Amino acid sequence: MARLISGKDIAAAIREELAAEIKELTAKGNRPPCLAVVWVGDDPASATYVRAKGKACEKIGMQFKLHHLKEDVSEEELLSLLQELNADKEVDAMLVQLPLPKHISEKKVIETIAPDKDADGFHPYNLGRLLMGEPTFVPCTPAGILELFKRSDIDTKGKEVVIIGRSNIVGKPMAALLMQKKTGNATVTVCHTATKDITFHTKRADILIVAAGQPKMIKADMVKEGAVVIDVGIHRTESGLCGDVDFEEVEPKVSAITPVPGGVGPMTVAMLLKNTLQAYKMRMR
Ligand code: NAD
């Protein structure tokens, strides 16, 4: 039976550490850190994520400012709100909940957020620094996965890591972090929709990270005996949530695996809180 890597428990421990740090800072008379979230429209999945972020902030003594805009808000109005938040001294970090309605350019939105308030770490400046191995705001999901490795004593040095997915928010930053000496030192392969033989790669992986957005695509015959499997996917099905990995099939064959729910998801939120506290500390220096 595989070891279950509980993101839920690890994220709870991180939240406690952050709460203690915030308590100490505010006890000295400082204002609490503040995260602003801009949400456009009424997408139900986004509603769940925004609520979870708000709750998580409040629980650790962080301020949460929600700006909920109508679906038909103009791009200009949204960008001007972001400029206001950039200039607001009471806001330490911010993010715009994705996806956005089609008439709004995601690229323009991401590039308008000040890099030093970029809670999600999606700004090209921060992604560039990440690629160069410089300190930066790391996108929350890859940051959460590194933290899972660290706190579960999984050493990535010299390992064959295979990542499925090349998105700007998961696959690419994950690959950059894991290949870098300081943050991974692994040999990294990235698979995507044009990869000819996915199984050839996944079967070689000591560590397999799946962020393809395809429910249960990874089956037992695609993984190596004793591998570590990190499942980033989240899918709502009639029988509840599932990931990109067929957990029932794969779990008996591997040495460690993240569940869905309770794996990578809670870590993503915990890293958002960590990034916000990092932005706050930079501002208060
Ligand atoms: P995306 O759709 O932007 O990217 C998916 C990537 O997977 C693409 O690069 C594509 O080339 C690749 N891909 C798709 N199908 C494939 C296939 N059959 N074989 C090989 N490669 C394939 O998705 P994303 O934003 O990176 O998210 C991926 C999944 O992770 C989604 O299910 C998303 O909901 C989930 N997600 C979860 C968290 C979390 O906190 N747990 C955070 C972000 C994303």
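All of these numbers come straight from a predicted model, not from anything done at the bench. As the structure lists them, so they are numbered: ligands from 1, and atoms in each ligand from 1.
What you find for Pro99 and Asp43 is that their closest heavy atoms are CD-OD2, 4.3 Å. The two residues Leu85 and Lys117 have their closest heavy-atom pair at O-NZ, 2.8 Å.
Taking each of Gly165, Pro99, Gly213 in turn, the one with a heavy atom nearest to atom 29 (C) of ligand 1 proves to be Gly213.
Distance from atom 21 (N) of ligand 1 to its nearest protein heavy atom, with residue and atom name: His192 C, 3.2 Å. In terms of protein heavy atoms, atom 8 (C) of ligand 1 is closest to Arg166 N, 4.0 Å. The protein heavy atom nearest to atom 2 (O) of ligand 1 is Ala212 O, 4.8 Å. Looking only at protein heavy atoms, the nearest one to atom 36 (N) of ligand 1 is Val232 O, 3.6 Å. From the protein, the heavy atom lying nearest to atom 42 (C) of ligand 1 is Thr141 OG1, 3.2 Å. Protein heavy atom closest to atom 16 (C) of ligand 1, with residue, atom name and distance, is Thr193 CG2, 3.8 Å. Closest to atom 39 (C) of ligand 1 among all protein heavy atoms lies Thr268 OG1, 3.7 Å. Regarding atom 24 (P) of ligand 1, its nearest protein heavy-atom neighbour is Ser167 OG, 3.7 Å.
Going from atom CG of Asn275 over to atom CG of Asn126 covers 9.0 Å, rounded to the nearest 0.5 Å. How far CG of Leu273 is from NZ of Lys53: 10.5 Å, rounded to the nearest 0.5 Å.
Those atoms of ligand 1 with a heavy atom of Ile198 less than 4.0 angstrom away are 19 (N), 20 (C). Counting atoms of ligand 1 from 1 in the listed order, those under 4.0 Å from a heavy atom of Val170 are 26 (O), 43 (C). Of all the atoms in ligand 1, the ones that sit under 4.0 Å from a non-hydrogen atom of Gly265 are 40 (O), 41 (N). Atoms of ligand 1 lying under 4.0 Å from any heavy atom of Ile169, numbered from 1 in the order shown and given with element: 25 (O).
Using a 4.0 Å cut-off between heavy atoms, Gln214 contacts ligand 1 through its side chain alone, with no backbone atom that close. Under 4.0 angstrom from ligand 1, the non-hydrogen atoms of Ile164 all belong to its side chain. Only the side chain of Met217 comes within 4.0 Å of ligand 1, judged by heavy-atom distances. At a heavy-atom distance under 4.0 Å, atoms from both the backbone and the side chain of Ile234 approach ligand 1.
Under a 4.0 Å N-O distance rule, the pair Glu225/Lys253 does not qualify as a salt bridge. In summary, Asp206 and Lys224 engage in a salt bridge, as defined by a charged side-chain N under 4.0 Å from a carboxylate O. A salt bridge links Lys150 with Glu147: the distance from a Lys NZ or Arg NE/NH1/NH2 to an Asp or Glu carboxylate oxygen falls below 4.0 Å.
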Problem set entry | side-chain hydrogen bond (donor to acceptor under 3.5 Å, both in side chains) assessment of Ser74 paired with Glu77 | CA-CA 5 Å; Ser74 70; Glu77 273 176 89; 3.3 Å; yes
Exercise. For Asp92 and Arg31, what are the C-alpha separation, side-chain angles and deciding distance, and is it a salt bridge (Lys or Arg N to Asp or Glu O under 4.0 Å)?
Worked result: CA-CA 11 Å; Asp92 299 298; Arg31 66 165 175 81; 2.8 Å; yes
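Tracing side-chain contacts under 4.5 Å through hydrophobic residues (I, L, V, M, F, W, Y), one reaches Ile169 starting from Leu146; they form part of the same cluster.
For Ala211, the closest heavy-atom approach to ligand 1 falls below 4.0 Å. The closest approach between a heavy atom of His235 and any atom of ligand 1 is below 4.0 Å.
In this model, no donor atom of one side chain and acceptor atom of the other lie less than 3.5 Å apart for Asp72 and His103.
Exactly one residue among Arg283, Lys281, Arg129 makes a salt bridge (Lys or Arg N to Asp or Glu O under 4.0 Å) with Asp116. That residue is Arg283.
Put simply, atom 26 (O) of ligand 1 has protein non-hydrogen atoms near it, under 4.0 Å away.
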